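Quantities reported herein were computed from a predicted structural model and do not represent experimental measurements. Residue numbers begin at 1 in each chain, while the letters A, B, ... track the order of the sequences.
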Amino acid sequence: MSTSTATTTLPIAKAITAGLRDAMTADDKVLLMGEDIGPLGGVFRVTDGLHAEFGSQRVVDTPLAEAGIVGTAVGLAVRGYRPVVEIQFDGFVFPAFNQITTQVAKMHNRTSGRVNMPLVIRIPHGGGIGAVEHHSESPETYFAHTAGLRILAPATSHDAYWMTRQAIESEDPVIMLEPKRRYWVKGDVDMDHRPELSPWQAAVVRPGTDATVLAWGPSMPLVLESAEAAAAEGIDLEVIDARSLAPVDYPTIADSVRRTGRLLIVHEASVLGGLGGEIAARISEQCFYHLEAPVLRVGGYHLPYPPARMEHAFLPDLDRVLDGVDRLLEH
Amino acid sequence: MSTSTATTTLPIAKAITAGLRDAMTADDKVLLMGEDIGPLGGVFRVTDGLHAEFGSQRVVDTPLAEAGIVGTAVGLAVRGYRPVVEIQFDGFVFPAFNQITTQVAKMHNRTSGRVNMPLVIRIPHGGGIGAVEHHSESPETYFAHTAGLRILAPATSHDAYWMTRQAIESEDPVIMLEPKRRYWVKGDVDMDHRPELSPWQAAVVRPGTDATVLAWGPSMPLVLESAEAAAAEGIDLEVIDARSLAPVDYPTIADSVRRTGRLLIVHEASVLGGLGGEIAARISEQCFYHLEAPVLRVGGYHLPYPPARMEHAFLPDLDRVLDGVDRLLEH
Amino acid sequence: MSIFRSTIPDVATEEPMVQLLGPDGTRTPHEQLDAVLEEADLATPERLRGYYRDMVMIRAADLEATSLQRQGQLGLWASALGQEAAQIGAGHASREQDYLVPTYREHGVAWARGIEPWRLLEMFRGVSHGGWDPNELRTHPYMIVLGSQAPHAVGYAMGLQRDGVVGTGDAETDTAVLALFGDGASSEGEVSESFTFAASFQAPVVFYTQNNQWAISVPTSVQSRVPLAQRSRGWGIPSVRVDGNDVLAVLGAVRSALDSARAGKGPVFVESLTYRMAAHTTSDDASRYRPAAEEQEWAERDPILRLRRHLEQLGEIDEAFVARCDEEAHDLAMQLHHHIHGMEDPDPVHMFDHPYAEPHPIVDAEREEYLAYVAQFEDEEEGGR
Amino acid sequence: MSIFRSTIPDVATEEPMVQLLGPDGTRTPHEQLDAVLEEADLATPERLRGYYRDMVMIRAADLEATSLQRQGQLGLWASALGQEAAQIGAGHASREQDYLVPTYREHGVAWARGIEPWRLLEMFRGVSHGGWDPNELRTHPYMIVLGSQAPHAVGYAMGLQRDGVVGTGDAETDTAVLALFGDGASSEGEVSESFTFAASFQAPVVFYTQNNQWAISVPTSVQSRVPLAQRSRGWGIPSVRVDGNDVLAVLGAVRSALDSARAGKGPVFVESLTYRMAAHTTSDDASRYRPAAEEQEWAERDPILRLRRHLEQLGEIDEAFVARCDEEAHDLAMQLHHHIHGMEDPDPVHMFDHPYAEPHPIVDAEREEYLAYVAQFEDEEEGGR
Ligand SMILES: Cc1ncc(C[n+]2csc(CCOP(=O)(O)OP(=O)(O)O)c2C)c(N)n1
Ligand SMILES: Cc1ncc(C[n+]2csc(CCOP(=O)(O)OP(=O)(O)O)c2C)c(N)n1
Ligand SMILES: [Mg+2]
Ligand SMILES: [Mg+2]
């Protein structure tokens with residue numbers, strides 16, 4: 001039984017569940033692996049009900065070892081399966097880093113294209129949930145620099161559903177960064193119509209003229225809210241949801257910046273060495289004669305993610321985004 | 001017996017050996033750990049002779065497990081030791097990535113400053129040696145983004161000696177990226193006089209007026225050579241050796257760019273998401289009104305490091321650097 | 001017959017369990033462990049009452065922490081309910097000079113090491129990532145990335161070897177490390193690598209697993225089809241399984257293991273069979289994956305009850321003592337309650353205090369930036385009103 | 001007596017080794033393995049001659065590769081000299097449907113799987129990162145990051161379980177995976193995690209270690225103080241140590257292990273004691289760390305010599321056959337020589353061919369950029385001369 005019905009309202013977490021369910025129904029090579037994803041349904045309940053529905057051969061509670069999870073998924077992919085791996089929290093992806101970097105990312109290339117790696121690594125990502133250490137990380141930079149990987153970062157329920165499907169359908173490995181603090185935010189999903197927009201494209205989610213603000217995943221509601229606040233002050237911001245972080249859709253961003261002349265990038269990861277730096281560098285190059293101000297960034301500081309009672313100061317918030325907009329417009 | 005004598009000529013590898021030896025002599029808490037660093041002296045012979053001199057309690061051939069090597073070094077550091085760990089090749093640092101990212105980088109912060117992590121991770125780094133897969137990587141980006149780590153990248157024998165000493169003396173963890181393909185290039189070392197320049201500062205190694213070229217480690221001889229070639233064409237390049245990649249010395253770079261109005265960054269790592277992106281973003285911001293051209297980068301492509309017979313096309317070379325300079329000056 | 005050999009003819013699913021106190025409190029003599037306990041004076045009636053008090057205290061603190069979490073005072077709490085004997089026993093088995101390397105649920109161990117419970121709660125409240133000086137209290141910070149602490153323990157033990165404080169024969173000098181991890185964490189490669197290093201260097205480290213039957217929703221059988229105690233034997237690291245709800249068995253076995261490690265005889269592994277009576281954390285719902293009957297079954301093996309029964313059999317406990325313990329525990333809980341409720345949130349500027357031990361220009365600049373940014377609002381507030 | 005138990009009363013440093021051929025070629029009967037070999041027709045005189053020929057061939061290719069490296073034709077060569085029996089035996093023990101997961105020194109295994117030696121040399125020459133179709137030849141690419149291939153093997157085996165090709169009882173259907181790694185690699189956490197997964201899921205995988213005594217300069221004793229064969233028993237994975245220079249022992253044990261795995265009885269571990277006769281690679285200098293006497297000692301246990309002696313004892317080999325093998329081996333070496341010398345360097349534009357399976361705008365743009373950049377010089381050349 002597929003959950004596909006016409007447009008429906010679902011929280012992001014449940015949209016992913018639906019995406020997983022429909023992908024598993026459509027292709028019996030799709031299987032899920034991870035810690036506590038079986039009877040418990042995952043600590044975020046994203047796989048809730050799937051174990052009961054598909055059984056323990058397709059929804060696999062693994063031993064507690066991330067390298068083993070990703071590494072066995074590689075073997076399953078070679079054998080023709082399409083494993084979808086859940087990493088319980090962003091901070092626990094690092095034990096699997098060797099497998100992701102030297103194996104998942106390189107296997108297709110190593111075999112001169114003879115073996116595909118249709119493997120999805122789902123990571124609940126980002127902070128703002130008041131968690132203990134290692135539960136609020138934004139590791140996208142590490143993966144974006146690693147050739148061979150793709151990264152999707154849905155920000156809405158609709159994208160969450162379709163990106164789950166499209167990540168699973170991709171013949172390349174995809175890291176799915178799920179906006180954990182928005183898991184329970186509801187939104188419309190149309191499961192019946194494949195989106196026209198490719199998952200690898202950015203979306204202008206709010207047109208504007210004074211400056212472009214780029215963000216993704218968990219930061220999207222914040223930048224949209226900031227744009228509303230700025231509008232109240234007479235500043236008209238264009239807001240772009242990057243959607244795909246590897247590859248980043250530079251044409252869409254550059255096109256916007258050529259129009260607005262200004263770009264602010266917002267992400268939770270530390271600004272220093274973060275993905276925003278690469279985007280700033282490329283846009284500064286591609287739009288050199290259009291930029292009326294340097295590309296600015298608002299994000300985390302160059303610190304280990306702080307204890308929960310300080311995270312509000314570490315994370316971009318409305319005031320910091322607006323402060324960034326102000327600095328941008330001062331030029 | 002210390003090897004410290006007045007200025008002497010040593011290949012980079014031997015300058016590091018001397019630095020290790022002098023550090024071990026100066027402080028008996030310094031110890032070396034790694035694969036094959038004992039009787040063999042390391043696959044690059046950097047620890048040659050040290051096992052015979054200091055014995056197996058201080059020059060430790062470990063089991064073959066990188067997470068174990070770095071993880072035990074963390075424990076030794078807590079106990080008051082200053083472990084210097086050798087990772088045999090850049091491509092083999094990833095099994096230790098969890099220890100480096102979640103433990104080495106965060107332990108001082110986690111304990112509110114009560115425990116220091118004076119730990120050095122030596123990594124022979126970069127390509128150009130005709131090696132098989134995984135032996136030519138440039139992983140600096142991963143570490144530069146990780147708060148809590150420092151990175152030094154010596155390009156000369158003198159820096160190799162002193163940075164080895166200073167990395168070991170640092171109370172913070174330091175990743176030492178050793179320019180493996182330049183290990184046997186000789187240079188002068190003055191072991192008697194501590195350099196006035198801090199290891200965390202960049203050095204203008206060739207003054208010039210038309211554009212600034214920034215590089216580090218294995219790329220330094222290349223950019224210096226390129227500057228000579230450009231000079232022959234009447235282009236006067238200023239060349240900066242970044243020396244420290246975490247933190248990067250932005251004041252020195254920005255000062256230069258404000259004078260020349262142009263910046264080219266050269267590194268072996270993939271340009272996409274590489275450290276050059278962060279530097280370009282910051283310099284574009286800090287020197288916005290001084291830049292006469294966008295910051296350009298010459299480096300690796302967004303590909304897994306290719307087989308040896310193609311690496312010449314992947315790596316920056318004289319022509320690609322000069323091509324970059326030309327594009328820079330076209331603006 | 002197959003040529004392939006296992007630990008014991010064919011795969012060994014049976015493993016004896018050392019038990020000194022039966023569920024009803026009855027004491028079984030045990031030649032080696034009784035000698036160990038006696039030599040160290042660890043099983044006198046006064047000591048036993050002390051353990052009882054400790055367990056009662058830490059349980060009260062634990063329950064209070066859960067209620068503080070419900071009140072929104074903590075972000076999360078990982079209860080150690082049911083593991084009191086496994087933890088108080090292990091903590092007291094260590095000598096003061098030993099170094100303990102815990103995971104994130106070792107509240108009883110921490111208590112036995114003299115770490116005030118509020119320091120643990122700080123972490124779960126979200127005001128700190130680790131609240132004490134590891135070298136002062138000879139206890140590593142709580143560690144959350146499972147298994148990552150195990151190689152630290154081995155490295156510290158290698159430091160002890162180099163410091164010459166192993167195998168000297170002097171009880172005050174000889175030192176060992178106690179490395180703790182759960183049944184789930186035992187699957188992490190870093191734990192296996194720790195076995196490799198410890199065995200190779202014969203480091204003075206005791207690996208101690210509280211097999212509390214579950215890793216969140218996953219039963220231990222997924223991590224190992226054979227008793228976990230056997231895991232280390234593949235490295236030639238001797239091991240034993242003990243009843244983790246029996247404080248004396250834990251004390252005796254861990255003390256004996258630490259003695260052996262201190263004497264320079266290399267690593268030892270102890271598996272302690274116990275039960276996580278509560279859910280994994282306050283965010284977890286154990287009813288989704290384990291039957292109430294199982295919880296019931298283990299409730300009957302409650303480690304506190306067991307020690308009390310034993311003390312009763314010895315005639316070494318009375319109502320007054322029990323009541324005093326309960327009272328003290330109540331006081332502790334109240335103190336905790338007030339301490340936590342009264343705890344002010346730290347000024348976030350402190351997040352810039354310790355990313356590095358030495359000056360760092362980017363951190364300094366970002367700190368200034370942050371302060372200037374915050375000052376804006378203060379100016380606005382002053383100006384505006 | 002201690003309460004801590006090891007594999008065998010106290011730490012087990014003794015481990016029996018299965019041997020079917022003595023160093024002088026004498027055949028020792030072995031109830032189980034003889035049955036296995038006989039059932040599969042693996043020890044007929046013709047087969048034995050075949051193994052002999054295989055070993056001679058692969059040794060010649062290996063020696064030629066070393067000399068090609070000296071001639072600058074290869075960047076590096078990792079010789080498998082001395083490990084021919086351990087590899088030819090393991091390779092032939094597998095059935096065609098089995099999947100082999102090698103490390104980077106499995107030239108004999110590759111030969112037995114029908115992979116032409118020049119495909120291996122390509123990698124060491126630096127024209128490719130892996131030269132064959134893993135699914136076509138049912139052999140994973142050579143893997144260099146030690147231990148990383150082990151979980152792939154287990155995952156593939158989990159795929160076999162899901163495909164229903166395990167334990168059906170049909171010899172042509174039932175499939176298993178042979179996962180190879182060295183004594184050094186056995187220390188990597190990922191190998192241990194592979195044991196955990198394989199045991200947990202009872203995956204049809206045989207772990208096979210060629211313990212060639214060294215990991216570059218580090219002796220096996222640093223990786224394990226007890227015989228490596230014992231490592232897996234801590235997971236309840238049965239294991240055996242065989243004489244790796246005895247092609248029949250290897251064949252019998254690995255076939256028997258694969259049979260067991262194929263039948264659905266779960267993983268097995270085989271340690272094969274052999275010797276890396278050459279240096280680690282052409283870049284290595286073994287004289288820096290191991291005594292010539294040791295090399296001498298092992299030279300006398302040469303696996304090729306041993307099989308030849310056995311065939312001589314059986315009266316199943318004659319000078320003509322030996323000479324023919326040598327001739328064929330010489331031809332192979334010459335072919336290799338010419339093939340490699342004649343190999344043109346690939347156009348670097350091919351590095352852009354396969355980073356992704358699906359289109360990628362950055363890669364496409366960089367490819368265009370590269371081609372335009374290269375075209376510049378072609379223009380210049382044309383223009384200039
Ligand atoms: C590397 C890593 N992966 C996943 C987690 C998430 N996680 C936290 S506790 C836990 C279960 C741990 O089980 P066990 O080791 O048995 O300890 P217990 O919780 O039972 O005390 C998991 C999966 C983690 N903290 N670290
Ligand atoms: C993760 C990793 N660390 C280090 C190396 C470097 N290295 C290559 S081979 C080798 C020794 C391997 O020894 P062993 O596993 O016994 O295999 P053998 O070379 O003896 O066949 C080392 C340390 C590597 N390839 N991968
Ligand atoms: Mg547990
Ligand atoms: Mg070996």
Side-chain angles (χ1 to χ4, degrees), chain B residues 28-29 31 33 56-58 60-81 83 95-96 98-99 101-103 105-119 147-150 169-173 200-201 246-251 282, chain C residues 99 101 123 128-137 140-145 147-163 175 177 179 188-201 203 205 350-351 353-365:
Chain B
D28 62 12
K29 293 292 186 189
L31 56 82
M33 302 171 70
S56 55
Q57 290 299 296
R58 296 191 64 197
V60 187
D61 263 345
T62 64
L64 210 165
E66 289 76 11
I69 297 172
V70 175
T72 51
V74 170
L76 278 154
V78 174
R79 181 68 196 177
Y81 286 83
N98 175 53
Q99 281 294 330
T101 311
T102 70
Q103 304 305 319
K106 294 188 165 67
M107 191 62 91
H108 179 73
N109 189 65
R110 177 177 299 140
T111 60
S112 303
R114 293 178 182 111
V115 166
N116 291 351
M117 270 294 119
L119 188 155
L149 302 178
R150 293 173 182 269
E169 288 162 7
S170 168
E171 292 298 330
D172 289 317
W200 314 111
Q201 279 182 289
V248 166
D249 174 9
Y250 287 103
R282 292 206 170 225
Chain C
Y99 190 72
V101 180
M123 199 181 90
S128 137
H129 281 326
W132 56 88
D133 184 338
N135 284 314
E136 181 201 335
L137 294 171
H140 214 53
Y142 265 21
M143 297 287 274
I144 291 178
V145 184
S148 293
Q149 74 281 9
H152 305 177
V154 178
Y156 193 99
M158 290 166 66
L160 295 175
Q161 293 177 305
R162 283 160 181 77
D163 288 344
T175 312
V177 180
E188 291 284 359
E190 295 191 0
V191 170
S192 293
E193 294 189 7
S194 301
F195 285 164
T196 304
F197 276 67
S200 189
F201 299 120
V205 56
H350 289 301
M351 69 185 168
D353 288 354
H354 300 296
Y356 292 89
E358 299 189 5
H360 192 289
I362 305 281
V363 174
D364 291 349

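- C:Val177 has its side chain out of reach of B:Arg79: every pair of non-hydrogen atoms, C-beta onward, lies at least 4.5 Å apart.
- The greatest number of non-hydrogen atom pairs below 4.5 Å with chain C, out of B:Val70, B:Asp172, B:Asn98, is found for B:Asp172.
- Only the side chain of C:Ser200 comes within contact range of chain B, judged by heavy atoms closer than 4.5 Å.
- When each of C:His354, C:His360, C:His129 is checked for heavy-atom pairs under 4.5 Å with chain B, C:His354 comes out on top.
- For B:Ser112, the parts lying near chain C are the backbone and the side chain together; criterion is any non-hydrogen pair under 4.5 Å.
- Of the residues considered (C:Met123, C:His350, C:Arg162), C:Arg162 shows the highest number of contacts with chain B, using heavy-atom pairs under 4.5 Å.
- Per-residue counts of heavy-atom pairs under 4.5 Å with chain B were compared for C:Asp163, C:Thr196, C:Asn135; the largest is that of C:Asp163.
- C:Met351 approaches B:Asn109 most closely through the heavy-atom pair O-OD1, 4.4 Å.
- Heavy atoms of B:Val115 lying under 4.5 Å from chain C belong exclusively to its side chain.
- For C:Glu358, the parts sitting under 4.5 Å from any heavy atom of chain B are the backbone and the side chain alike.
- Taking each heavy atom of B:Glu171 and C:Ala357 in turn, the nearest pair found is CB-CB, 3.8 Å.
- In this structure, chain C has no heavy atom under 4.5 Å from any part of B:Thr101.
- Screening residues 109-118 of chain B for salt bridge (Lys or Arg N to Asp or Glu O under 4.0 Å), with sequence neighbours left out, gives A:Glu133-B:Arg110.
- Ranked by heavy-atom pairs under 4.5 Å with chain C, the list B:Pro118, B:Gly80, B:Gly113, B:Ala73 is led by B:Gly113.
- At a 4.5 Å heavy-atom cutoff, the contact between C:Pro141 and chain B is made by side-chain atoms alone.
- The two residues C:Pro134 and B:Thr111 come nearest to each other via the heavy atoms CG-CG2, 3.8 Å.
- Of the residues considered (C:Gln161, C:Met158, C:Gln149, C:Glu190), C:Glu190 shows the highest number of contacts with chain B, using heavy-atom pairs under 4.5 Å.
- We find the OH-CG distance between C:Tyr356 and B:Asn116 to be 13.5 Å, quoted to the nearest 0.5 Å.
- Here the side chains of B:Val74 and C:Pro151 are not in contact, with every heavy-atom distance at 4.5 Å or above.
- Residue with the most contacts toward chain B among C:Ser194, C:Ser128, C:Gly130: C:Gly130 (heavy-atom pairs, distance under 4.5 Å).
- Taking B:Met33, B:Lys106, B:Arg150, B:Arg58 one by one and counting their heavy-atom pairs under 4.5 Å with chain C, the maximum is reached by B:Arg150.
- The side-chain heavy atoms of C:Phe201 and B:Val60, taken from C-beta on, include a pair separated by under 4.5 Å.
- Ranked by heavy-atom pairs shorter than 4.5 Å toward chain C, the options B:Asp249, B:Ile69, B:Thr72 are led by B:Thr72.
- Chain C forms the most heavy-atom pairs under 4.5 Å with one residue out of B:Leu149, B:Asp28, B:Leu64, and that residue is B:Leu149.
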Show the numbers, then the answer: is there a side-chain contact (heavy atoms from CB on, under 4.5 Å) between B:Glu66 and C:Glu193?
-> CA-CA 9 Å; B:Glu66 289 76 11; C:Glu193 294 189 7; 6.0 Å; no
